[in-house]
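Since the structure is predicted, the reported quantities are computational estimates derived from the model, not experimental observations. The chains referred to below are lettered A, B, ... by the order of the sequence lines, with proteins before strands, and numbering in each begins at 1.
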Amino acid sequence: MSERRVRTRFAPSPTGPLHMGGVRTALFTYLFAKKHGGDFLLRIEDTDQTRYVQGAEEYIIEALNWCGIHIDEGVNVGGKYAPYRQSERKASGIYQTYAQQLVEAGHAYYAFDTAEELEEMRAQLAAAKVAAPQYNSVTRQNMKNSVALSEDEVNKRLKAGDPYVIRLKVPRNEEIRFHDIIRGWVVVNSNQVDDKVLLKSDGMPTYHLAHIVDDHLMEITHAVRGEEWLPSAPAHILIYRYLGWEQTMPLYAHLPLLLKPDGNGKLSKRDGDRLGFPVFPLNWTDPATGEVSSGYREKGYFPEAFVNMLALLGWNPGTNQELFSMEELIEAFSFERVSKSGAKFDPEKTKWFNQQYLRKYPITEIADQFEETLEKHNVSANREYVEKACELLREKAHFVHEFWELGAYFFMAPDVFDEKVISKKWDDQARSFFKGLPDAMKKSGNSAIELEEGFKSYAESAGVKANSMLQLLRVLVTGAASGPALFDTIALIGKEESVNRVETAIQKLS
RNA sequence: GGCCCGUUCGUCUAGGGGUCUAGGACAUCUCCCUUUCACGGAGGAAACACGGGUUCGAUUCCCGUACGGGCUACCA
C-alpha cells in the first residue's frame, strides 16, 4: 500500500467561542500533520442551523491564528476541496446522495416518526425498564419507517412530502472493532449502537454522516477528536463500511478530555469566570447577551506560553524538557505519547509558563507591549529607556501588565513612600544621613557601580552601615520597598533625577 | 440505569516484569544567595485505588471491585 500524504482536519462547529480544550485538539491535530509533512485543514461543521452563533467562525480562525496554528486549507484560505463549510457543501447534494445510496443498499432507511412519537417510544421503554432505550434493530419494527411500513405506505408518504429522516440500519448482535491510535483496540457490540439519524428532516446531514463524507472526500488520513466521541465511533465505522470506504478510512485518535481544576468533570465555559482564569484563547462577547468571557490573549499571556502549556496537557515528550517552541513541538510530537486519562487544567502552571516566556521573549516585543500601557498612563519615554526598564522589570513579573504597578517609578517620581519601611527605619539617624547624601551622590559617576561605590564610601565617612540605609534609599527614590537591583534602578532613572527625588522625599517626609 | 473509556505525589506526568529505597515539573515548606521581592541554588514533605490471579518476582500483564469521567438528541 502506498503511503498517503498525511491530511488532518480540525472541524469545529460555530456554536460559540472555541474553548481551550478545542484549541488543544486543534493543536495536536496540527502538530501531527506538520510532523509528517502533511496538511492541516479547517472545516466548519455548521449542520445545526439552530445553534449557529454569529461571529463564532471568525473567532475560531482568529484564535488559531493567534496560537500560531496555520491552516493549509479551509474556509478562510480555500483549497482544492472547497467549499469547507458544510452548509455550503450541502448544496452539491453530496450528503443526500450518499444517504440515498445507503438506503438503496439496505443499510439505511426512511423514518417518519414525529418528535412526540419518539418521546413516547422512549418513555415506554423506560417504563418497561429496558436497559438501553433506543431506536434500534428491535424497536424499529414498531416505528413508522421503511423497515416496518409497507412499501406502498412508504411511497405514499414520500410522495405526499411527509417529513422524514434517514437512519442508519445498525445490524443486530455484531461485533464492531476498530483501532484507535491512542487507545488501541476498542470492541463494541452493535446492540449498543442505536440507529443514528444520518440525514435530518431539514435535509441537513448530522455530524455522523457529514464528517464521514467530508473526511473521505477531503482525503483525511487521521481523524483527531475528543474522547466524548468514542461511544459513537462504532457507528462511524459501520458507515464507512457500508459506503465502501473502509479501506481508506482515516485512523481515529480520541484525545483525553480536559478536566476542571477543582472537583471533577470536563472543563466548561462557566469554570473560567467562576475560578478566575480564562477558558478561552481570546475575549468573547456573546452576541445575544453581551456577556464577556475573558481570553488568554487579553489577560496578557503570550501565545507561545499558552500553546506550550496546552501541549503538555495530555502529552509529554518523554524527556524533562518543558519549554517548547512550535517547531520543537512539531518535531517531538507523537500520538504514542498522548495519555489516555483526562488532564486537570492547572491555572498556576500556566502562569509559570508565561513567566518563562517573559524571560525569553525579545525585549523589543516586550517593550512594544509595555509602551501601550505607558500610553494609557500618558507617559512617554524614549525607546531605549523603556527597553532598559523592561529588562529590569521582566525578572520580577509574570506578565507585562504587571510592569506598571511594579515600576511606574521609572517614569515618574513617587508620591507615596512605603509606609512599613518608613515607620520602621526613618529615624533621626536616617534623616541626617540622607540629608548629606545628595552632595555625595553628585560627586559620583553615573554608572550603577560608581553610584554604589559612592554610596558606600559616603556611608563609611558618615559612620553608618551602608546596608542599613539601602532599603530607605530605594523607598526615597522609588517609593517601593522592593524591586530590581537598586543601583541598576538608580542608574537607569539617572543620577540627577534620583538626587532630586531624594531631596523632595526628604521634604515630604519631614 | 445501560454502554464505553480511564485510575502513579495536591496538579501535570516519567515509568511498559527485576535498575523503583518510584524520576521530573508546578504548587508547598526549609535553607543559601539578595538591602528587598523575584530569579537562581540546595534540601524536605508528598503517589503506584483495592482485592485476586499469572510469575521466581509485579507500579508495570490478566480478572474483579471501587472510584472518576464520557456517551446515552432530527447537538456537535
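- Inspection of the A:D180 and A:H254 side chains reveals an N or O donor paired with an N or O acceptor under 3.5 Å.
- Of the C1' atoms belonging to B:G15 and B:A22, the separation is 8 Å, rounded to the nearest Å.
- Distance noted for atom P between B:A27 and B:C12: 15 Å (whole Å).
- Both distances falling under 3.5 Å, in either a Watson-Crick or a G-U wobble arrangement, occur for no nucleotide opposite B:C37.
- Among B:U35, B:U13, B:A73, the nucleotide with an atom closest to any side-chain atom of A:R122 is B:A73.
- Comparing B:A76, B:G6, B:U13 by their nearest atom to the side chain of A:T47 picks out B:A76.
- In this structure, A:R177 does not reach the B:C4 phosphate: none of its side-chain N or O atoms is under 4.0 Å from OP1 or OP2.
- No engagement by A:N191 is indicated, since no non-hydrogen atom pair under 4.0 Å with the nucleic acid exists.
- Nearest to the side chain of A:E227, among B:U13, B:C74, B:G69, sits B:G69.
- Judged by distance alone with a 3.5 Å cut-off, no donor-acceptor contact links the side chain of A:S232 to the base of B:C71.
- Base engagement by A:V165 is indicated by at least one non-hydrogen atom pair under 4.0 Å involving a base atom.
- Considering only side-chain atoms of A:V186, the nucleotide from B:A76, B:C5, B:A14 that sits closest is B:C5.
- Phosphate contact (OP1/OP2 of B:C74, side-chain N/O of A:R167, threshold under 4.0 Å): present.
- Along RNA chain B, the nucleotide nearest to A:P256 and the one nearest to A:A481 differ in position, and the one closer to the 5' end is contacted by A:P256.
- With respect to the salt-bridge test (charged N to carboxylate O, under 4.0 angstrom), the residues A:K349 and A:D346 do not qualify.
- Looking at A:E348 and A:K351, a side-chain N of the basic residue comes within less than 4.0 Å of a carboxylate O on the acidic one, giving a salt bridge.
- Nucleotide B:G1 is matched to B:U72 when pairs are restricted to Watson-Crick or G-U wobble geometry with both distances under 3.5 angstrom.
- A close approach under 4.0 Å does not occur between any side-chain nitrogen or oxygen of A:S341 and OP1 or OP2 of B:G68.
- The phosphate of B:U36 has neither OP1 nor OP2 within less than 4.0 Å of any side-chain N or O from A:K425.
- A cation-pi arrangement is not found for A:R359 relative to A:Y361, the charged atom failing to lie both closer than 6.0 Å to the ring centre and inside a 45° cone about the ring normal.
- Of the nucleotides present, none pairs with B:A58 by Watson-Crick or G-U wobble criteria with both distances under 3.5 Å.
- The CG atom of A:L476 sits 13 Å away from the C1' atom of B:U35 (whole-angstrom rounding).
- For the pair A:D418 CG and B:C37 C1', the computed distance is 11 Å after rounding to whole Å.
- Ion pairing of A:R177 with A:E175 is absent here, as no side-chain N (NZ or NE/NH1/NH2) approaches a carboxylate O to less than 4.0 Å.
- Between A:H398 and A:N189, the residue anchored closer to the 5' end of RNA chain B is A:N189, taking for each the nucleotide with the nearest heavy atom.
- Taking atom CG of A:L125 as the reference point, atom P of B:A73 lies 12 Å away to the nearest angstrom.
- Distances from the side chain of A:E228 to the nucleotides B:C26, B:G2, B:C71 place B:C71 closest.
- The partner of B:G17, taking Watson-Crick or G-U wobble pairs whose two distances both stay under 3.5 Å, does not exist in any strand shown.
- B:C31 and B:C67 are spaced 40 Å apart, taking the C1' atom of each and rounding to whole Å.
- Atom-to-atom, NZ of A:K349 to P of B:U13 comes out at 10 Å; the value is rounded to the nearest Å.
- Rounded to the nearest Å, the gap between the P atom of B:A49 and that of B:U36 is 45 Å.
- Distance from the side chain of A:E395 is smallest for B:C39 among the nucleotides B:G69, B:C39, B:C37.
- In this structure, A:G265 reaches the sugar-phosphate backbone alone: every heavy-atom distance under 4.0 Å involves primed, P, OP1 or OP2 atoms, never a base.
- At a threshold of 4.0 angstrom between heavy atoms, the contacts of A:L486 include nucleobase atoms, whether or not backbone atoms are also involved.
- Here A:R337 lies in heavy-atom contact (under 4.0 Å) with sugar-phosphate atoms only.
- What separates CZ of A:F324 from P of B:C12 is a distance of 18 Å, to the nearest Å.
- Note on A:S201: a base of the nucleic acid sits closer than 4.0 angstrom, heavy atoms only.
- In this pair, A:Y458 and A:F433 present their aromatic rings tilted. The plane angle is within the 30 to 60° band.
- Listed candidates were B:A14, B:A76, B:A25. Nearest to the side chain of A:D48 is B:A76.
- The distance between atom CD of A:Q134 and atom P of B:C3, rounded to the nearest whole Å, is 12 Å.
- The phosphate of B:A76 has OP1 or OP2 within less than 4.0 Å of a side-chain N or O from A:K200.
- At B:A14, none of the side-chain N or O atoms of A:T319 fall inside 4.0 Å of OP1 or OP2 (strictly under the cut-off).
- Judged by Watson-Crick or G-U wobble contacts below 3.5 Å, the nucleotide B:A66 has B:U7 as its partner.
- Using a 4.0 Å cut-off between charged side-chain N and carboxylate O, A:D214 and A:R89 make a salt bridge.
- For the P atoms, the distance from B:G23 to B:G44 is 11 Å, rounded to whole Å.
- The A:R359 side chain lies nearest to B:C39 when the options are B:C74, B:U35, B:C39.
- Nucleotide B:G68 holds its P atom 14 Å from the NZ atom of A:K260, rounded to whole Å.
- For B:C12, its base never sits under 3.5 Å from the side chain of A:K344 at any donor and acceptor pair.
- Salt-bridge annotation for A:R274 and A:D262: present, with a side-chain N of the basic residue lying under 4.0 Å from a carboxylate O of the acidic one.
- Taking the side chain of A:Q471 as heavy atoms from C-beta on, and the options B:G15, B:U35, B:G70, the nearest nucleotide is B:U35.
- Side-chain N/O atoms of A:D113 and A:N145 include no donor and acceptor closer than 3.5 Å.
- Using atom C1' as the reference point in both B:G18 and B:U13, the two lie 23 Å apart (nearest Å).
- The residue A:K351 sits apart from the nucleic acid: no heavy atom pair falls under 4.0 Å.
- Comparing atom distances between the A:K396 side chain and each of B:C3, B:A38, B:G1 picks out B:A38 as nearest.
- Among the heavy atoms of the strands lying under 4.0 Å from A:G483 is at least one base atom, whether or not backbone atoms are also near.
- Taking atom P in both B:G69 and B:C26, the straight-line distance is 29 Å, to the nearest Å.
- Annotation: B:G17 and B:C61 have their C1' atoms spaced 8 Å apart (nearest Å).
- In this entry the distance linking CD of A:E117 with C1' of B:A73 reads 16 Å, nearest Å.
- In this structure, A:K360 satisfies the cation-pi test against A:Y357, with its NZ or CZ atom closer than 6.0 Å to the six-membered ring centre and inside 45 degrees of the ring normal.
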